[in-house]
Amino acid sequence: PILPMRPGIPERQTHDYARHGVTCLFAALNTATGQVTDACYPRHRHQEFLKFLKKVASAYPGTDLHLVLDNYSTHKHEDVRTWLDKHPRFHLHFTPTSSSWLNLVERWFRELTDKALRRGVFHSVPDLVASIQEYIDAHNNDPKPYVWTATAESILAKVARGRIALEKVS
């Protein structure tokens, strides 16, 4: 467990920290409403990603869907591309490398971490998943869309600066 903070003492864990397993959370944020569609799986492979895409498809029937994703290889697997070819209402948009901040669901993940997971003690994966689900249910009871405060020009300028920095490194 996380030890309590005190004045002059930083956050720390006990010496007997034990990891009791992990889960992989897939989440789709409806940017118009703030509603989240989610699924926890034990692994993060293309098979789980396909299950999640099917869940999103059933949550939003008959709607063209634009999904903003990072460049994780799972999202580009051949089986995923084959499935997407059969489901043309799905349109995938990939964020530039090191620009996941452009994806609003990343902001939502940060809030989930800050409000439900950080400093939490979970004795099993089901405890962890229950905590995640409790947060998502509370969020979805009163969802609010995120509002960008930056202009499109300032966002595109930041992306361009990131690309220049990456070119200098390579």
Side-chain angles (χ1 to χ4, degrees), residues 5 10-11 22-41 43-46 48-120 128 131-133 135-170:
M5 292 189 293
E11 177 182 306
V22 297
T23 188
C24 178
L25 171 62
F26 288 89
L29 173 70
N30 181 332
T31 57
T33 66
Q35 189 85 17
V36 172
T37 302
D38 68 286
C40 285
Y41 299 112
R43 298 181 69 184
H44 188 142
R45 301 172 304 169
H46 73 277
E48 287 81 14
F49 183 58
L50 280 170
K51 286 181 196 175
F52 181 66
L53 287 177
K54 292 170 186 173
K55 183 172 184 175
V56 171
S58 66
Y60 298 96
T63 304
D64 267 9
L65 299 168
H66 291 265
L67 282 70
V68 179
L69 305 163
D70 59 18
N71 286 288
Y72 196 63
S73 62
T74 298
H75 304 147
K76 298 177 178 182
H77 191 276
E78 184 178 329
D79 291 349
V80 172
R81 286 192 300 238
T82 301
W83 187 87
L84 289 168
D85 288 343
K86 295 175 185 173
H87 298 83
R89 68 189 186 101
F90 278 79
H91 308 278
L92 273 52
H93 307 278
F94 296 97
T95 59
T97 303
S98 301
S99 296
S100 63
W101 60 270
L102 287 170
N103 190 344
L104 283 178
V105 78
E106 294 293 340
R107 179 177 172 168
W108 180 85
F109 276 122
R110 186 190 73 215
E111 286 187 10
L112 165 70
T113 300
D114 290 347
K115 295 178 180 177
L117 302 179
R118 185 166 287 125
R119 298 183 59 80
L128 172 62
S131 182
I132 291 169
Q133 196 59 57
Y135 177 83
I136 293 170
D137 292 344
H139 172 84
N140 282 341
N141 283 338
D142 187 27
K144 292 181 178 52
Y146 291 106
V147 178
W148 281 105
T149 56
T151 64
E153 293 79 18
S154 69
I155 292 170
L156 292 173
K158 188 170 182 179
V159 169
R161 286 192 305 273
R163 286 186 178 148
I164 291 169
L166 281 175
E167 289 171 4
K168 289 180 181 178
V169 171
S170 40

Next on the checklist: Rounded to the nearest 0.5 Å, what separates atom CG in Leu67 from atom NE2 in His75?
Outcome noted: 9.5 Å
Checklist outcome for this item: For Ser131 and Ala116, the nearest pair of non-hydrogen atoms, with its separation, is OG-O, 3.5 Å
Checklist entry - Can we say Arg45 and Glu48 salt-bridge, meaning some charged N sits less than 4.0 Å from an Asp/Glu carboxylate O? => result yes
Item to check | Reference residue Tyr72; test ring pair (Phe, Tyr, Trp, His ring centres under 6.0 Å); the match among His46, His77, His44 | outcome: His44
Checklist entry - Which distance, rounded to the nearest 0.5 Å, do you find between the OG1 of Thr37 and the NZ of Lys55? => result 7.5 Å
Checklist entry - For Gly34 and Asn140, which heavy atoms make the closest approach, and how far apart are they? => result O-OD1, 4.3 Å
Item to check | Tyr135 side chain reached by Asp38 side chain, heavy atoms, under 4.5 Å | outcome: no
Checklist entry - Going through the distances and angles, do Val159 and Thr95 end up as a side chain to side chain contact (heavy atoms under 4.5 Å, CB included)? => result CA-CA 10 Å; Val159 169; Thr95 59; over 6 Å; no
Checklist outcome for this item: Distance col, row Leu65:CG vs Arg89:CZ, nearest 0.5 angstrom, shows 5.0 Å
Next on the checklist: Go through it in stages, so that I can follow the logic: the residues are Thr74 and Val80, the test is side chain to side chain contact (heavy atoms under 4.5 Å, CB included), and I'd like the CA-CA distance, side-chain angles, deciding distance and then a yes or no.
Outcome noted: CA-CA 8 Å; Thr74 298; Val80 172; 5.6 Å; no
Next on the checklist: What I'd like to find out is whether the side chain of Leu117 reaches to under 4.5 Å of the side chain of Leu128, using heavy atoms alone.
Outcome noted: yes
Checklist entry - How about Trp83 and Lys54: do any of their side-chain heavy atoms sit closer than 4.5 Å? => result yes
Checklist entry - Looking at CH2 of Trp108 and CG of Leu112, how far apart are the two atoms once the value is rounded to the nearest 0.5 Å? => result 4.5 Å
Item to check | Non-hydrogen atoms of Ala27 and Val105 that approach each other most closely | outcome: O-CG2, 3.8 Å
